[in-house]
Visitor: 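Here's a structure for you.
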Amino acid sequence: MSWEAVYRWVQQIPRGRVVTYGQLARALRLRGGARTAGRALAACPRGRGIPWQRVVGAEGKLLLREPLAQLQRRLLEAEGVHFAGDRVDLTRHRWRPDRARRRRRSRGAVL
DNA sequence: CATCTGACGACCG
DNA sequence: GCGGTCGCCAGAT
C-alpha cells in the first residue's frame, strides 16, 4: 500500500491544529485502523514539508519515543498548540476536516 | 515459514 | 487513572 493518500491528507491539517491516528485512519478508511496510520507516519519522507507532528494519540499523548517526542512537542508548541501536562489539549486544537472542503460550498449555512 | 515489533485504540478490572 | 489484552498488518529478523 502506498501512503501517499495519507501524506496528502496530513498536509491539509492547518497550523496549530492536530488530529489523532484513529481519526486519520477512519477518514481514509485505512484497513489496519489507527496502527496503520502510525506506520504510514513512521515511514514519512522528510523534506517534503509534511506536518507529521500534527498527528497525536487518541487522548492527545505523543506516542513517539525519545528523542522524537521531544521534537514533536517543540514543533507543536512553536505553532501555538497548548499542552495540559503531557497531552495536547484536544478540545482546543483538534482539527475536523470541513466537509465544505471536499464537496462544494454549502450556501446558507445556519449560523 | 515462525516470530517479533511497532508513531493505535477500544475495552475491562 | 493505570495496567493488561486483543485485533490489526507490513517489515524485519
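Each chain gets a letter, A, B and so on, in the order the sequences are listed, and its residues count up from 1.
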Visitor: What's the CG-C1' distance between A:Leu30 and C:dC9, to the nearest Å?
Guide: 12 Å
Visitor: Considering just the side-chain nitrogens and oxygens of A:Arg65, establish if one lies under 4.0 Å of OP1 or OP2 belonging to B:dA7.
Guide: yes
Visitor: Classify the nucleic acid contact of A:Gly22 as base, sugar-phosphate or nothing, counting any heavy atom under 4.0 Å across all strands shown.
Guide: sugar-phosphate
Visitor: Rounded to the nearest Å, what distance is computed from the CD atom of residue A:Glu59 to the C1' atom of nucleotide B:dA10?
Guide: 10 Å
Visitor: Could you work out which one of B:dA7, B:dG9, C:dG1 sits closest to the side chain of A:Arg87?
Guide: C:dG1
Visitor: Atom CZ of A:Arg39 and atom P of C:dA12: how far apart are they, to the nearest Å?
Guide: 11 Å
Visitor: For A:Lys61 and B:dG9, give me the distance from atom NZ to atom C1', rounded to whole Å.
Guide: 11 Å
Visitor: Do the charged groups of A:Glu4 and A:Arg48 touch, with an N to O distance under 4.0 Å?
Guide: yes
Visitor: OP1 or OP2 of C:dA10 versus the side-chain N and O atoms of A:Arg31: is any pair under 4.0 Å?
Guide: yes
Visitor: Is A:Leu63 touching bases, backbone alone, or none of the nucleic acid, heavy atoms closer than 4.0 Å?
Guide: sugar-phosphate
Visitor: Tell me the interatomic distance from A:Arg35, atom CZ, to B:dA7, atom P, rounded to whole angstroms.
Guide: 9 Å
Visitor: By nearest heavy atom, map A:Gln53 and A:Arg26 onto DNA chain B; which one lands nearer the 5' end?
Guide: A:Gln53
Visitor: Rounded to whole Å, please give me the gap between CD in A:Glu66 and P in B:dG6.
Guide: 15 Å
Visitor: Rounded to the Å, how far apart are A:Asp86 CG and C:dG1 P?
Guide: 9 Å
Visitor: Would A:Arg17 and A:Glu79 pass as an ion pair if we require N to O under 4.0 Å?
Guide: no
Visitor: For residues A:Val56 and A:Val19: do they belong to one hydrophobic cluster (side chain heavy atoms under 4.5 Å, members Ile, Leu, Val, Met, Phe, Trp, Tyr)?
Guide: no
Visitor: So which heavy atom on A:Leu90 is nearest to which on A:Glu59, and how close?
Guide: CD1-C, 3.8 Å
Visitor: How many angstroms lie between atom CG of A:Leu28 and atom CH2 of A:Trp9, to the nearest 0.5 angstrom?
Guide: 6.5 Å
Visitor: What's the CG-C1' distance between A:Leu28 and C:dC9, to the nearest Å?
Guide: 17 Å
